[in-house]
Amino acid sequence: MVYSGGMTAHGGTGIAQSRAAPDHADLRLRDRFGRVARDLRVSLTDRCNLRCTYCMPAEGLQWLPTRDTLDDGEITRLIRIAVEELGIRAVRFTGGEPLLRRSLERIVAFTASLRTDEGARPDIALTTNGLGLAHRAAALKEAGLERVNISLDAVDPAVYASITRRDRFHDVVDAIDAALRTGLEPVKINTVLMRGVNEDQTVPLARFCVEKGLHLRFIEQMPLGPHMAWDRAEIVKAEEIRGILAGEFELEPVPRDDPSAPAARWWASPKNGGRGGDIGIIASVTEPFCGACDRTRLTSDGQMRTCLFARTETDLRSPLRAGAGDREIALIWARGMREKKAGHGIDDPGFIQPERGMSAIGG
């Protein structure tokens, strides 16, 4: 089937489907629609030390058994295969909460020792809730980490505690300051807005980030938390966020230099004067960008996912533990990526939320 243009039923844009099988001599992660994955998201654990309302229930989740999760050697081998065999150029470590992985610095250092098909070190980033980062930022920077995204859904400590079910706001502020101090820049702040919960934090968060030189990213709430807890009608949409910001800031669009970058960005200048800053909106639900997606995902138990919303996974752990060679694993990975759909399908009448939540998939 061919999508000749416009928005597809799955949220893609004008992507023609190809039927050619992956070339054994060039195992790039190319899907049937011509997209090539260059960005690897690696979940280091499904565990988290917060209980954000949009991510998991108050009592937490049933964590993966240790025997099912990848050890350091298995993770680093798969990262090496991705970079050296499959053309990956950027690696982002996620969770759960990746700082709960005690060996994070060693994994980062190993990744920094690799060289891409362009002869450069992979771009290495971290998505974190920030708890504990203040004590590890310098070591992570020395290991090769380049930049961080830190989750912060409110600048009011009480609102933050209500969302995360933990009183740790000041620890996140310490993490942000440590990231700035050690040069893990640009420091990006990830914020999920929820109607009636932290919608009133939009402008205070923007002011906080602009004043500190942080790059703020508002993210539309996605159906990846507790089942039946997501209601499309209740999300704060991108157009609403822009409207709220426009009341306080002059917004000048920033050209998107990377077509695969998920955020639409603006340079926000306060109307009452003062420092301006970079603010973006990731509108995964209302303004999907699936047509330019360049990501592949590895869960902490060794499953490859083509999309956050995929209903199927490709098992890399079993062949890895059965003694498969690098090339064999690379071929399995490449074949799995061929099945990536045109889009996430949230707008499809038959859309079903993935069984795994965000903490188990990796952000």
Looking at Thr111 and Ile107, would you say the former's side chain and the latter's main chain have a donor-acceptor pair under 3.5 Å? yes
For Leu64, is there any backbone N or O sitting under 3.5 Å from a side-chain donor or acceptor partner on Asp46? yes
Using 0.5 Å steps for rounding, measure from the CD atom of Glu85 to the CG atom of Leu331. 10.5 Å
Nearest 0.5 Å, please: how far is NZ in Lys188 from CD1 in Ile150? 12.5 Å
Is a donor from one side chain sitting under 3.5 angstrom from an acceptor on the other, for Arg168 and Asn49? no
Cys290 versus Ala342, closest heavy-atom pair with distance: CB-O, 3.5 Å
Arg165 backbone acceptor or donor facing Arg51 side chain under 3.5 Å: no
Are the side chain of Arg317 and the backbone N or O of Asp68 linked by a donor-acceptor pair below 3.5 Å? yes
Could you measure the distance from the OG1 atom of Thr202 to the CG atom of Leu193? Nearest 0.5 Å is fine. 4.0 Å
Backbone of Arg295 reached by a side-chain donor or acceptor of Arg41 within 3.5 Å: no
Heavy-atom donor-acceptor pair, Glu74 side chain to Asp71 backbone, under 3.5 Å: yes
So does Ala246 get a backbone contact from the side chain of Lys271, meaning a donor-acceptor N/O pair under 3.5 Å? yes
Checking side chain to side chain contact (heavy atoms under 4.5 Å, CB included) against Thr314, which of Arg305, Met304, Met337 comes through? Met304
To the nearest 0.5 Å, what is the distance between CG (Leu50) and OH (Tyr160)? 4.5 Å
What are the two closest heavy atoms between Val172 and Ser151, and how far apart are they? CG1-O, 3.9 Å
Could you walk me through whether Arg32 and Glu339 pass side chain to side chain contact (heavy atoms under 4.5 Å, CB included), step by step? CA-CA 7 Å; Arg32 295 169 295 166; Glu339 302 308 311; 4.3 Å; yes
Evaluate the criterion salt bridge (charged side-chain N to carboxylate O under 4.0 Å, His left out) for residue pair Arg166 and Glu97; output intermediate values, then yes/no. CA-CA 14 Å; Arg166 299 290 187 272; Glu97 175 43 54; over 6 Å; no
Looking only at side chains, do Thr286 and Glu220 share a donor and an acceptor under 3.5 Å apart? yes
What's the verdict on salt bridge (charged side-chain N to carboxylate O under 4.0 Å, His left out) for Asp278 and Arg217, showing C-alpha distance, side-chain angles and the deciding distance? CA-CA 9 Å; Asp278 185 293; Arg217 297 293 181 262; 2.7 Å; yes
Using modelled atom types and a 3.5 Å cut-off, is there a donor and acceptor pairing between side-chain atoms of Gln221 and backbone atoms of Val236? no
Are any of the side-chain nitrogens in Arg136 or Glu105 under 4.0 Å away from the carboxylate oxygens of its partner? yes
Run the salt-bridge test on Asp123 and Arg38 with the 4.0 Å N-O cut-off and return the result as yes or no. no
Output yes when a side-chain donor or acceptor of Thr191 lies under 3.5 Å from a complementary backbone atom of Phe218, and no otherwise. no
